[in-house]
Amino acid sequence: MNQDHSYFAIHINPLHSTNELSVLFSGEGKPIPLHKMGPAVHDYYLIHTVYAGEGTFEMHNRTYRCSVGDTFVIYPGELFSYIADSHQPWHYTWVAFSGRAAGTLLSQIGVSPHQAVISGSNPRSIRHYYRHIRTSFQHSDTPVLEDMESAAWLRLLIRELGRMNSHQIDVKPTTETDIERQVGQAIRYLELQYTQPVSIEELAHTLGYHRTYLCKMFKQSTGLSPMQYLLKIRMERAQQLLETSMTIDQVASSVGFNDALYFSKQFRKWSGSAPSVYRKEQKI
């Protein structure tokens with residue numbers, strides 16, 4: 001038992017990971033009254049969520065009074081301190097993590113060194129995320145899998161904290177018209193599905209539009225019909241692939257054509273050169 005806590009438990013990731021997001025350790029504790037940490041700095045991110053009691057957290061020249069449902073975030077390189085209340089010391093859980101994606105994820109949910117506390121979460125809804133993070137390190141004898149699992153639960157925890165902090169999330173106003181948004185959805189669909197057989201009926205059904213309406217607004221916005229736009233995507237991608245060592249058959253299949261001869265015919269109409277000629281021209 002940690003002498004500064006009436007209860008203390010910690011689970012450590014056995015893997016030294018350099019992934020974009022990785023849990024380092026996670027724990028839970030009930031500090032004694034006036035138990036203090038800092039002033040100090042860490043070289044990792046550290047999130048605490050308060051289950052019961054109260055305490056005070058300081059970082060970046062700000063002081064926060066935290067109680068049940070509050071979560072405070074310590075940033076690497078930032079001087080911090082926190083202290084348990086003298087009468088109702090807090091009971092909290094924590095997770096430490098690092099990785100290239102860590103700062104970005106926190107920023108996306110409206111957290112920063114300037115605003116490092118999220119209020120109003122439900123400890124019950126949060127608790128199981130922390131529990132799963134800790135038990136990730138007990139489920140297998142393969143550390144790399146444990147690291148993946150704990151990072152997945154950490155992402156879910158951050159997502160849940162983001163829901164609680166939605167009023168702080170910076171949502172950029174859009175100047176898109178409804179038609180621009182709808183056409184943008186259609187373009188996104190084509191950009192992701194161009195390797196598959198695509199029909200306008202299927203596209204319209206997936207997006208919830210009538211086929212005639214979709215075709216009309218698409219052409220008004222882009223100057224092309226959806227099928228013409230799909231061909232454009234396929235041919236531009238084919239041009240890129242023809243500059244690699246892939247065969248013509250492989251290129252055709254990669255851009256949604258099962259018949260290499262038909263692909264060659266379409267490519268020639270598009271570019272003015274047969275695929276084999278285009279490839280030679282690029283090497284000159």
Side-chain angles (χ1 to χ4, degrees), residues 15 17-22 99-105 107-108 142 144-145 147-149 151-152 154-156 159 172 174-284:
L15 184 71
S17 173
T18 57
N19 291 336
E20 65 171 12
L21 187 69
S22 183
R100 299 181 303 277
T104 299
L105 289 172
S107 176
Q108 288 174 340
T142 311
V144 67
L145 299 182
D147 182 60
M148 290 179 185
E149 181 180 348
L154 174 59
R155 282 182 178 272
L156 291 174
R159 185 280 313 266
K172 295 181 180 179
T174 178
T175 58
E176 282 186 324
T177 65
D178 287 342
I179 289 180
E180 288 172 337
R181 179 181 58 80
Q182 293 162 354
V183 171
Q185 289 178 331
I187 289 174
R188 181 66 172 161
Y189 180 95
L190 296 175
E191 288 175 339
L192 295 175
Q193 297 298 313
Y194 71 89
T195 63
Q196 305 299 320
V198 175
S199 71
I200 299 305
E201 288 78 9
E202 181 183 354
L203 172 60
H205 176 74
T206 300
L207 299 178
Y209 307 132
H210 189 278
R211 182 184 187 282
T212 303
Y213 172 72
L214 174 64
C215 291
K216 181 180 178 180
M217 69 176 185
F218 197 99
K219 190 158 189 175
Q220 285 179 347
S221 181
T222 67
L224 300 172
S225 70
M227 292 308 292
Q228 289 172 331
Y229 199 93
L230 174 62
L231 181 64
K232 175 177 178 290
I233 293 172
R234 286 172 166 170
M235 294 297 100
E236 288 177 349
R237 179 57 176 155
Q239 287 177 322
Q240 295 173 346
L241 295 179
L242 285 169
E243 296 179 19
T244 71
S245 60
M246 293 174 66
T247 67
I248 303 300
D249 283 356
Q250 291 169 339
V251 172
S253 178
S254 298
V255 297
F257 289 87
N258 294 326
D259 186 336
L261 291 177
Y262 181 65
F263 161 72
S264 296
K265 180 180 178 180
Q266 293 297 310
F267 187 86
R268 184 168 187 169
K269 287 173 61 177
W270 168 265
S271 69
S273 301
S276 57
V277 175
Y278 178 86
R279 167 171 280 167
K280 291 178 181 178
E281 291 173 345
Q282 301 311 303
K283 293 181 179 179
I284 294 176

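- Of the inter-residue distances, the one linking Ile233 atom CD1 with Gln228 atom CD reads 12.5 Å to the nearest 0.5 angstrom.
- Looking at Arg279, its side chain does come within 3.5 Å of a backbone N or O of Thr244 through a donor-acceptor pair.
- For Val144 against Leu15, the heavy-atom pair with the smallest separation is CA-CD2, 3.8 Å.
- Of the inter-residue distances, the one linking Leu241 atom CG with Ile248 atom CD1 reads 10.5 Å to the nearest 0.5 angstrom.
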**Request:** In sequence, state the C-alpha distance, the side-chain angles, and the governing distance for Ser273 and Arg268, and then conclude on side-chain contact (heavy atoms from CB on, under 4.5 Å).
**Result:** CA-CA 5 Å; Ser273 301; Arg268 184 168 187 169; 6.0 Å; no
**Request:** Evaluate side-chain contact (heavy atoms from CB on, under 4.5 Å) for Phe267 paired with Leu242, printing each intermediate quantity in order.
**Result:** CA-CA 11 Å; Phe267 187 86; Leu242 285 169; 3.5 Å; yes
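- The shortest distance between side-chain heavy atoms of Thr212 and Lys216 does not fall below 4.5 Å.
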**Message:** side-chain contact (heavy atoms from CB on, under 4.5 Å) for Gln108 and Leu105? Distances and angles first, verdict last.
**Reply:** CA-CA 5 Å; Gln108 288 174 340; Leu105 289 172; 3.7 Å; yes
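- Counting only heavy atoms from C-beta outward, the side chains of Ser264 and Pro275 approach each other to under 4.5 Å.
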**Prompt:** Passes side-chain contact (heavy atoms from CB on, under 4.5 Å), Val183 versus Leu214? Steps please.
**Reply:** CA-CA 8 Å; Val183 171; Leu214 174 64; over 6 Å; no
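- A donor-acceptor contact shorter than 3.5 Å is absent between the side chain of Asn19 and the backbone of Leu21.
- Within the 4.5 Å cutoff, the side chain of Leu230 has no heavy atoms near those of the Leu203 side chain.
- Heavy-atom minimum distance, Met227 versus Val198: CE-O, 4.0 Å.
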**Request:** Mind running salt bridge (charged side-chain N to carboxylate O under 4.0 Å, His left out) on Arg155 and Glu20 for me, showing each step along the way?
**Result:** CA-CA 11 Å; Arg155 282 182 178 272; Glu20 65 171 12; 2.6 Å; yes
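- In this structure, Thr142 contributes its side chain and Leu145 its backbone to no donor-acceptor pair below 3.5 Å.
- No side-chain heavy atom of Met235 sits under 4.5 Å from any side-chain heavy atom of Ser271.
- Looking at residues two or more places apart in sequence or on another chain, you find a ring pair (Phe, Tyr, Trp, His ring centres under 6.0 Å) between Phe218 and Tyr229.
- Between the Gln250 side chain and the Thr247 main chain, a donor and an acceptor come within less than 3.5 Å of each other.
- Counted within 6.0 Å of CZ on Arg159, heavy atoms from surrounding residues, nucleotides or ligands total more than 12; the atom is thus considered enclosed.
- Put simply, the side chain of Gln220 never gets that close to the backbone of Met217: no donor and acceptor are under 3.5 Å apart.
- Side-chain atoms of Ile200 and Cys215, non-hydrogen and from C-beta on, do get closer than 4.5 Å to each other.
- Under the 4.5 Å side-chain criterion, counting only non-hydrogen atoms from C-beta, Lys219 is not in contact with Leu224.
- Between Leu261 and Asp259, the closest heavy-atom pair is N-OD1, 2.8 Å.
- Pairs of residues two or more places apart, or lying in two chains, that qualify as salt bridge (Lys or Arg N to Asp or Glu O under 4.0 Å) and include a residue from residues 234-257 are Lys232-Glu236.
- Counting only residues at least two apart or on different chains, the side chain to side chain donor-acceptor pair (under 3.5 Å) pairs with a member in residues 182-192 are Gln182-Tyr213, Gln185-Tyr209, Tyr189-Glu202.
- Atoms OH and NZ, on Tyr278 and Lys280 in that order, are 15.5 Å from each other to the nearest 0.5 Å.
- Side-chain contact check for Val255 versus Thr195: every heavy-atom pair is 4.5 Å or farther apart.
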